[in-house]
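To start, the structure itself, in structure tokens.
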Number of protein chains: 2
Amino acid sequence: MRFHSPAIQYFHAVRRTGSIRAAARVLNVASSAVSRQILKLEQEVGSPLFERNARGLTLTTVGEMLARHVMNVLQDLDRFRSDVASLSGAWSGTVSIACIESLTESVLPDLIASHRGRARRVSFTTEVKGSSDVLESLSRGEADIGIAMALRHPPDLRQVALKRFRLGAVVAREHPLARRKTVTLEQCLAFPVINALPELSIYHLLQPLIAQLSETPEPAIQANSIDLMRELAARGVGVAFQTQLGINRLSRDGQLVFLPLDNAGSPVWSDLGIYVRAERTLPAYTDSFLQELVRELGERERRENAAYPPTS
Amino acid sequence: MRFHSPAIQYFHAVRRTGSIRAAARVLNVASSAVSRQILKLEQEVGSPLFERNARGLTLTTVGEMLARHVMNVLQDLDRFRSDVASLSGAWSGTVSIACIESLTESVLPDLIASHRGRARRVSFTTEVKGSSDVLESLSRGEADIGIAMALRHPPDLRQVALKRFRLGAVVAREHPLARRKTVTLEQCLAFPVINALPELSIYHLLQPLIAQLSETPEPAIQANSIDLMRELAARGVGVAFQTQLGINRLSRDGQLVFLPLDNAGSPVWSDLGIYVRAERTLPAYTDSFLQELVRELGERERRENAAYPPTS
DNA sequence: CATGTTGCTGCCGTTTCGGCAACGGCTATA
DNA sequence: TATAGCCGTTGCCGAAACGGCAGCAACATG
């Protein structure tokens with residue numbers, strides 16, 4: 001099912017690999033063939049598509065425009081293929097997800113497991129990275145669905161849903177704070193805390209609040225892994241900060257306690273966005289998973305709001 | 001700039017013309033070439049794309065799926081072309097509009113004239129037809145922007161905006177009703193009326209109301225042209241019904257009077273929708289006109305609401 | 001200076017494409 | 001019922017496009 005000109009595919013491969021010879025290796029063709037197709041494309045467009053550096057190729061402005069078009073074509077071709085396949089009852093394909101770490105503890109594994117239980121032929125690729133990298137993966141067409149902190153997103157992405165979760169302190173069962181219902185930042189800073197490094201969005205949520213306090217915070221542990229911070233908290237090393245999404249299992253076991261943060265009477269929100277390339281129609285099997293993801297996150301948001309009503 | 005496989009274009013032409021030989025004439029190639037490309041496509045997809053009738057070809061289900069993909073590709077190619085062209089400052093292209101008759105009197109000619117004044121290189125194609133035909137034109141990719149009565153629209157279209165206008169009676173200056181501020185349907189039916197035929201949406205707006213009345217309406221003139229009905233009303237032949245959009249010029253001349261309909265104390269709304277194919281990004285020059293169209297219709301809606309506040 | 005990598009270009013065999021003419025199937029018309 | 005006019009398809013053949021191979025100059029790295 002390759003009814004698109006080879007030039008399209010070659011261009012796409014060159015853009016991804018950043019080099020003609022590398023693209024040729026991936027495509028299993030001679031590099032001369034790839035080179036010629038690119039030259040032919042540039043001749044037809046009437047403008048160079050790549051800047052030739054000694055170390056490889058970089059897209060020009062026109063090249064980026066063509067890349068956008070080619071991505072639209074290839075992604076829509078994927079959707080067409082899945083549409084045809086689903087006619088004969090074969091629901092198969094790969095859902096590619098890029099997301100931040102908060103989801104890896106329970107949300108994503110639960111969802112994927114349950115989805116695979118129903119649709120065995122659908123496979124998954126997941127990549128965990130920072131929020132801005134998630135958005136970039138989507139823009140570059142390397143992922144189908146992205147979950148990231150809801151910052152400003154580029155116009156070529158569409159925010160499918162926005163869910164807000166309370167940021168809270170996470171402490172071991174035996175921690176002096178564990179009996180409280182909510183905590184303030186000051187109360188936490190009286191104990192050793194496990195701080196997020198700037199690459200985690202939690203840092204940017206808490207830093208402005210910490211800056212407002214008069215006291216200098218206790219010397220603390222710093223980390224860039226939510227998983228690690230959670231495990232440290234479980235071992236009683238200190239107070240960690242994150243949303244309830246990441247401590248589902250351990251809090252059910254009773255090892256960890258989640259205490260919603262109370263900042264001068266109002267909650268501290270962590271906004272989670274679900275993103276998709278705007279200029280694109282998802283294949284049926286991808287869209288199906290997306291719907292479940294949105295529903296599940298909505299459900300968790302609702303449950304959390306019920307458990308910790310945003311009192312003032 | 002033809003970097004897409006000929007099969008794509010041939011398929012598109014065959015779908016539009018409904019025949020291989022007709023497509024070949026349009027494409028200036030031998031019919032055998034077209035036939036072969038179609039056969040090759042069907043072989044690659046693994047399923048027939050057309051049903052061969054004696055009189056030509058009809059799309060199969062898989063064929064319609066491919067048609068959707070091909071339309072997405074070709075329309076996005078158009079956008080890419082315009083993006084590249086706008087880099088060199090050349091804003092040129094053709095905006096294709098399908099709309100219902102209500103817009104032809106002032107909205108559309110005003111907008112097109114003013115837009116052409118600013119962007120000389122942008123040309124227009126407009127086709128006036130019934131609401132359902134407008135939507136179909138859009139779905140088939142024969143128009144870029146559609147304006148129709150806001151009924152239920154197929155899922156492959158996106159409603160960019162929804163504007164509501166009051167339906168009213170239109171009478172000549174000398175008509176006995178002309179002095180009133182508003183009129184009820186009963187008051188109108190006391191005079192000869194110019195009725196819309198079922199092909200016009202006005203018919204479907206008024207028919208349910210007329211059916212509720214006890215009296216049998218006066219024998220009346222029936223027509224399927226808003227233009228004709230307006231001119232008949234201007235000549236004092238009877239009372240016509242339409243929105244204020246269509247009588248801009250003649251009411252400014254004082255020849256015609258617009259009287260908002262009052263149906264048991266509430267207005268009768270005529271909902272106008274602006275539509276675009278959902279799976280598509282418009283070229284810059286088309287989007288620019290679309291924005292103006294939405295703004296202008298919003299402006300008229302606002303002005304009309306100010307002139308005839310929806311009293312109860 | 002040697003080595004490795006990059007993109008590009010003749011040369012040439014293979015594949016694909018398109019034009020021409022002819023065939024069988026069908027419809028409408030005389 | 002015969003005929004003329006469509007229709008899509010197929011064999012044949014020249015032309016164009018494609019891809020592989022080997023070699024080129026330019027540049028970076030050690």
Side-chain angles (χ1 to χ4, degrees), chain A residues 1-64 66-67 70 73-74 77, chain B residues 1-64 66-67 70 73-74 77:
Chain A
M1 204 186 288
R2 30 185 285 264
F3 36 69
H4 283 293
S5 141
I8 298 287
Q9 329 229 15
Y10 289 10
F11 173 83
H12 188 234
V14 171
R15 182 196 66 93
R16 278 185 305 170
T17 60
S19 136
I20 287 187
R21 284 186 124 101
R25 280 191 294 273
V26 171
L27 296 165
N28 279 320
V29 290
S31 66
S32 59
V34 179
S35 174
R36 267 191 269 264
Q37 292 291 346
I38 300 297
L39 289 173
K40 198 190 107 195
L41 266 184
E42 292 181 321
Q43 187 182 344
E44 299 218 26
V45 174
S47 155
L49 300 170
F50 293 98
E51 279 169 7
R52 270 73 170 177
N53 310 319
R55 222 67 194 127
L57 307 193
T58 324
L59 285 172
T60 62
T61 307
V62 179
E64 283 180 7
L66 182 58
V70 167
V73 170
L74 293 182
L77 175 63
Chain B
M1 203 185 291
R2 28 184 287 265
F3 37 68
H4 282 293
S5 138
I8 298 288
Q9 329 228 14
Y10 289 10
F11 173 84
H12 189 234
V14 170
R15 182 196 66 92
R16 278 185 307 170
T17 60
S19 136
I20 288 188
R21 285 188 122 99
R25 280 192 293 272
V26 172
L27 296 165
N28 278 320
V29 290
S31 67
S32 60
V34 179
S35 173
R36 267 190 270 263
Q37 293 290 348
I38 300 297
L39 289 172
K40 196 190 109 197
L41 266 184
E42 292 182 320
Q43 187 183 343
E44 300 220 24
V45 174
S47 154
L49 300 171
F50 293 98
E51 278 168 8
R52 270 73 170 177
N53 309 318
R55 222 70 195 123
L57 307 193
T58 325
L59 284 173
T60 63
T61 307
V62 179
E64 282 180 8
L66 182 59
V70 167
V73 170
L74 293 182
L77 175 63

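It should be emphasised that the depicted structure is a prediction, and the values quoted were computed from it without experimental measurement. In what follows, chains carry the letters A, B, and so on, assigned in the order in which the sequence lines appear, proteins first and then strands, with residues in each chain numbered from 1.
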Separation of [N] [atom2] from [X] [atom1] (nearest whole Å):
X        : N       : atom1 : atom2 : result
Leu41(A) : dA17(D) : CG    : C1'   : 14 Å
Ile20(B) : dC26(C) : CD1   : P     : 16 Å
Arg52(B) : dT27(C) : CZ    : P     : 17 Å
Glu51(B) : dT9(D)  : CD    : C1'   : 18 Å
Asn53(B) : dC7(D)  : CG    : C1'   : 11 Å
Arg25(B) : dG18(C) : CZ    : P     : 18 Å
Phe3(B)  : dA17(D) : CZ    : C1'   : 18 Å
Ile8(B)  : dC17(C) : CD1   : P     : 12 Å

Residue whose closest nucleotide on DNA chain D lies nearer the 5' end, Leu39(B) versus Ala22(B): Ala22(B)
Are [X] and [N] close enough that a side-chain N or O sits under 4.0 Å from OP1 or OP2?
X        : N       : answer
Ser35(B) : dT9(D)  : yes
Gln37(A) : dG19(D) : yes
Lys40(B) : dT16(C) : no
Tyr10(B) : dG18(C) : yes

Partners meeting side-chain hydrogen bond (donor to acceptor under 3.5 Å, both in side chains) with Thr61(B) (sequence neighbours left out): none
ring-ring contact (aromatic ring centres under 6.0 Å, His included): pairs with one or both residues in residues 14-38 of chain A, sequence neighbours excluded: none
Arg25(A): partners by side chain to side chain contact (heavy atoms under 4.5 Å, CB included), with sequence neighbours left out: Arg21(A), Ala22(A)
Results of side chain to side chain contact (heavy atoms under 4.5 Å, CB included) for Gln43(A) - residues two or more places apart only: none
Distances under 3.5 Å between nitrogen or oxygen atoms of protein and nucleotides 21-30 of chain D:
unit_1  : atom_1 : unit_2   : atom_2 : d
dC21(D) : N4     : Ser32(A) : OG     : 3.0

Gap separating the CD atom of Glu44(B) from the OG atom of Ser5(B), nearest 0.5 angstrom: 8.5 Å
Residues forming a salt bridge (Lys or Arg N to Asp or Glu O under 4.0 Å) with Arg52(B), sequence neighbours excluded: Glu42(B)
Sugar-phosphate, base or nothing in reach of Ile38(A), heavy atoms under 4.0 Å: nothing
Mutual orientation of the aromatic rings belonging to His4(B) and His4(A) [parallel < 30°, tilted 30-60°, perpendicular > 60°]: perpendicular
